[in-house]
A.B. asks: 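First the structure, then my questions, so here it is.
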Amino acid sequence: MEITQFQNKVFCIVKEIPRGRVLTYKKISILLGNKNWARAVGNALHNNKDQFLIPCYRVVNAKGKLSISYAFGGIDEQKRLLENDGIKVVNYRVDIEKYLM
DNA sequence: GTTGTGACACATT
DNA sequence: AAATGTGCCACAA
């Protein structure tokens, strides 16, 4: 499995998200250097297969909503993982203003 | 090289 | 508020 530089950068950022914090696709895009890369970031995470290596459950969209097409246990599993991190999840949404890294 | 798809975001309807 | 359209990018076929 070959990993492109782009995906590597995405994984690197997501991997560094501390416990109890979340990151939005937009924020990641900006960190990568271009806010228009949000879509590509989603693709990169979807390609990811290492749930334990890449805490992609800490990544939500701009409104704090969880990803519906979560690749692992589903949205419910993602919610549980977030709550396990001490993040309050309401209606599959998190308070990004409060938890954003 | 072109087309279609998608874990996004923003503006408009 | 919800649906729709537009912009953007990376990837697979």
Side-chain angles (χ1 to χ4, degrees):
Chain A
M1 188 63 192
E2 302 182 18
I3 299 178
T4 64
Q5 282 300 113
F6 181 79
Q7 293 181 90
N8 185 45
K9 297 188 85 170
V10 174
F11 294 156
C12 184
I13 293 174
V14 176
K15 207 174 356 179
E16 294 304 316
I17 303 176
R19 185 176 183 280
R21 298 269 127 184
V22 299
L23 221 50
T24 66
Y25 292 95
K26 186 168 71 166
K27 195 72 177 175
I28 293 174
S29 307
I30 295 171
L31 289 174
L32 288 172
N34 193 323
K35 63 183 176 188
N36 305 49
W37 290 348
R39 216 166 200 166
V41 170
N43 272 328
L45 290 180
H46 189 223
N47 184 15
N48 169 44
K49 303 294 185 304
D50 301 300
Q51 182 179 17
F52 300 100
L53 184 64
I54 311 297
C56 40
Y57 62 88
R58 291 177 178 146
V59 183
V60 297
N61 65 19
K63 304 180 198 60
K65 191 82 168 59
L66 275 56
S67 303
I68 181 61
S69 299
Y70 192 62
F72 301 109
I75 192 169
D76 290 304
E77 185 64 20
Q78 183 177 9
K79 181 165 77 83
R80 194 159 26 187
L81 288 167
L82 288 170
E83 290 175 336
N84 189 39
D85 268 10
I87 299 173
K88 191 162 66 116
V89 180
V90 181
N91 290 342
Y92 298 109
R93 283 185 36 183
V94 301
D95 191 340
I96 53 178
E97 295 297 320
K98 188 172 176 19
Y99 299 111
L100 187 60
M101 185 167 68

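Chain letters run A, B, ... following the sequence lines, proteins first, then strands; residues in each count from 1.
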A.B. asks: What is the distance, to the nearest angstrom, from the CG atom on Leu23(A) to the C1' atom on dA9(B)?
C.D. replies: 15 Å
A.B. asks: Whole angstrom is fine here: how far is it from NZ in Lys26(A) over to P in dC9(C)?
C.D. replies: 17 Å
A.B. asks: Any N or O donor-acceptor pair under 3.5 Å from the base of dG6(B) to the side chain of Asn43(A)?
C.D. replies: yes
A.B. asks: So Asn61(A) and Ser67(A), do their side chains get closer than 4.5 Å, heavy atoms only?
C.D. replies: no
A.B. asks: Find the distance between CG (Leu31(A)) and OG1 (Thr24(A)) and round it off to the nearest 0.5 Å.
C.D. replies: 8.5 Å
A.B. asks: Using atom NE2 of His46(A) as one end and atom P of dA12(C) as the other, report the distance to the nearest whole Å.
C.D. replies: 12 Å
A.B. asks: Can a donor-acceptor pair under 3.5 Å be found between the side-chain atoms of Tyr25(A) and the base atoms of dA7(B)?
C.D. replies: yes
A.B. asks: What nucleotide among dC9(C), dA7(B), dC10(B) has an atom nearest to a side-chain atom of Leu45(A)?
C.D. replies: dA7(B)
A.B. asks: Counting only heavy atoms not in Lys65(A), do more than 12 fall under 6.0 Å of its NZ?
C.D. replies: yes
A.B. asks: Under 3.5 Å, which donor-acceptor pairs link side chains of residues 92-101 of chain A to any protein atom two or more places apart or in another chain?
C.D. replies:
{"from": "Tyr92(A)", "atom 1": "OH", "to": "Asp76(A)", "atom 2": "OD1", "distance (Å)": "2.7"}
{"from": "Asp95(A)", "atom 1": "OD1", "to": "Glu97(A)", "atom 2": "N", "distance (Å)": "3.3"}
{"from": "Asp95(A)", "atom 1": "OD1", "to": "Lys98(A)", "atom 2": "N", "distance (Å)": "3.4"}
{"from": "Tyr99(A)", "atom 1": "OH", "to": "Lys88(A)", "atom 2": "N", "distance (Å)": "3.3"}

A.B. asks: Is any side-chain nitrogen or oxygen of Lys35(A) closer than 4.0 Å to OP1 or OP2 of dC8(B)?
C.D. replies: no
A.B. asks: Quick one: label Thr4(A) by what it contacts on the DNA or RNA (base, sugar-phosphate, nothing), any heavy atom closer than 4.0 Å.
C.D. replies: sugar-phosphate
A.B. asks: What is the distance, to the nearest angstrom, from the CG atom on Asn36(A) to the C1' atom on dC10(B)?
C.D. replies: 11 Å
A.B. asks: I need the NZ-P distance between Lys65(A) and dA9(B), as an integer number of Å.
C.D. replies: 12 Å
A.B. asks: Give the rounded distance in Å between these two atoms: CD of Glu77(A) and P of dA7(B).
C.D. replies: 19 Å
A.B. asks: Heavy atoms from C-beta onward define the side chain here; which of dA7(B), dG7(C), dC10(B) lies closest to that of Arg39(A)?
C.D. replies: dG7(C)
A.B. asks: I'd like to know if the side chain of Arg58(A) and the backbone of Leu81(A) have a donor-acceptor N/O pair within less than 3.5 Å.
C.D. replies: no
A.B. asks: Below 4.0 angstrom from OP1 or OP2 of dC11(C), is there any side-chain N or O of Gln7(A)?
C.D. replies: yes
A.B. asks: How close or far is atom P of dA10(C) from atom CG of Asn34(A), stated in whole angstroms?
C.D. replies: 8 Å
A.B. asks: Roughly, in whole Å, what's the span from CZ in Phe6(A) to P in dC9(C)?
C.D. replies: 10 Å
